[in-house]
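Given the structure is predicted, the values throughout are model-derived calculations rather than measurements.
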Amino acid sequence: VVFCGKCGCLMKRGIKERSMICPSCKNTVYPKISPVVIVAVRNGNELLMARNLDNPDKTRMFLISGFVEIGESLEQAVKREVLEEAGVRVKNIKYFGSQPWPFSESLISGYTAELDGDSTIHMQEAELACATWVKREDIPEYDTSVSISSCLIENFRSGWTIKE
């Protein structure tokens, strides 16, 4: 149930587009979309993997991701998120693909990148339960029908290499 922010009436779904329209004052509201980046960081035959503190799945690890800040490019967000969460720098950032994610009103842009410099992880303990470099052969198969994160992980696991 959604009420109009202008007049308080119950809003109805738009017929021609994804929107909510107030039948009383005609106020039209569109879904908010928040940009998010996710990145598969490669260090030779290893992939940077992490698990958020609030992730209910304690058996699987995923990739570094985060919301894009105002005034920040997607590539800048990739560099910032990896540095903030894992304490490492990246280079050779390449676009992989995107996925809408309705649970957080997000559009996720996926990237691949390479480690740039020291591989020592300095994990952001306020956000992550763990972060580590995982060897390709130690990564289990991921279901790629679920998320772009799984697609990026499976892409690396099945032999992805970055071309110079």
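Here the side chains of L83 and R89 are in contact, with some heavy-atom distance below 4.5 Å. V90 is listed as a side-chain neighbour of K79, based on a closest heavy-atom distance under 4.5 Å. The shortest distance between side-chain heavy atoms of S65 and S149 does not fall below 4.5 Å. Under the 4.5 Å side-chain criterion, counting only non-hydrogen atoms from C-beta, I121 is in contact with L48. For the pair I15 and I21, the minimum side-chain heavy-atom distance is 4.5 Å or more. Using a 4.5 Å heavy-atom threshold, the side chains of L47 and L63 count as touching. Here the side chains of F96 and L152 are in contact, with some heavy-atom distance below 4.5 Å.
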Could you walk me through whether V39 and E81 pass side chain to side chain contact (heavy atoms under 4.5 Å, CB included), step by step? CA-CA 9 Å; V39 58; E81 284 293 339; over 6 Å; no
Decide side chain to side chain contact (heavy atoms under 4.5 Å, CB included) for E69 and R80; before the verdict, give the C-alpha distance in whole Å, the side-chain angles of both, and the deciding distance to 0.1 Å. CA-CA 10 Å; E69 294 181 359; R80 178 186 50 77; 3.6 Å; yes
Apply side chain to side chain contact (heavy atoms under 4.5 Å, CB included) to residues Q76 and V68 and explain how you reach the verdict. CA-CA 9 Å; Q76 288 168 331; V68 179; over 6 Å; no
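Rounding to the nearest 0.5 Å gives a distance of 10.5 Å between OG of S24 and CE of M11. The distance from atom OG1 of T132 to atom CD of E46, rounded to the nearest 0.5 Å, is 7.5 Å.
Counting non-hydrogen atoms of other residues, nucleotides and ligands closer than 6.0 Å to CZ of R51 gives a total above 12. Other residues, nucleotides and ligands contribute only 12 or fewer heavy atoms inside 6.0 Å of the CD atom of E125. Counted within 6.0 Å of NZ on K58, heavy atoms from surrounding residues, nucleotides or ligands total more than 12; the atom is thus considered enclosed. Annotation: L107, atom CG; neighbour count of heavy atoms from other residues, nucleotides and ligands within 6.0 Å is above 12.
Ring centroid separation for the pair Y111 and Y95 comes in under the 6.0 Å cut-off.
Contact detail for F3 and G8: the closest heavy-atom pair is CD2-O, 3.4 Å. In terms of heavy atoms, L53 sits closest to A126 at CD1-O, 3.2 Å. Closest approach of C22 and C25 over heavy atoms only: SG-N, 3.4 Å. Here the closest non-hydrogen pair linking I139 and R157 is O-CD, 3.0 Å.
Under the 3.5 Å distance criterion, the side-chain polar atoms of W133 are matched with a main-chain donor or acceptor of S119. Q99 places a side-chain N or O within 3.5 Å of a backbone atom of I148 that can act as its donor or acceptor partner. Looking only at distances, no side-chain donor or acceptor of N52 sits under 3.5 Å from a matching main-chain atom of D54. The closest donor-acceptor contact from the side chain of E105 to the backbone of S34 lies at 3.5 Å or more, if one exists at all.
A cation-pi arrangement is absent between R42 and F156, since the terminal nitrogen or guanidinium carbon is not both under 6.0 Å from the aromatic centre and inside a 45° cone about the axis.
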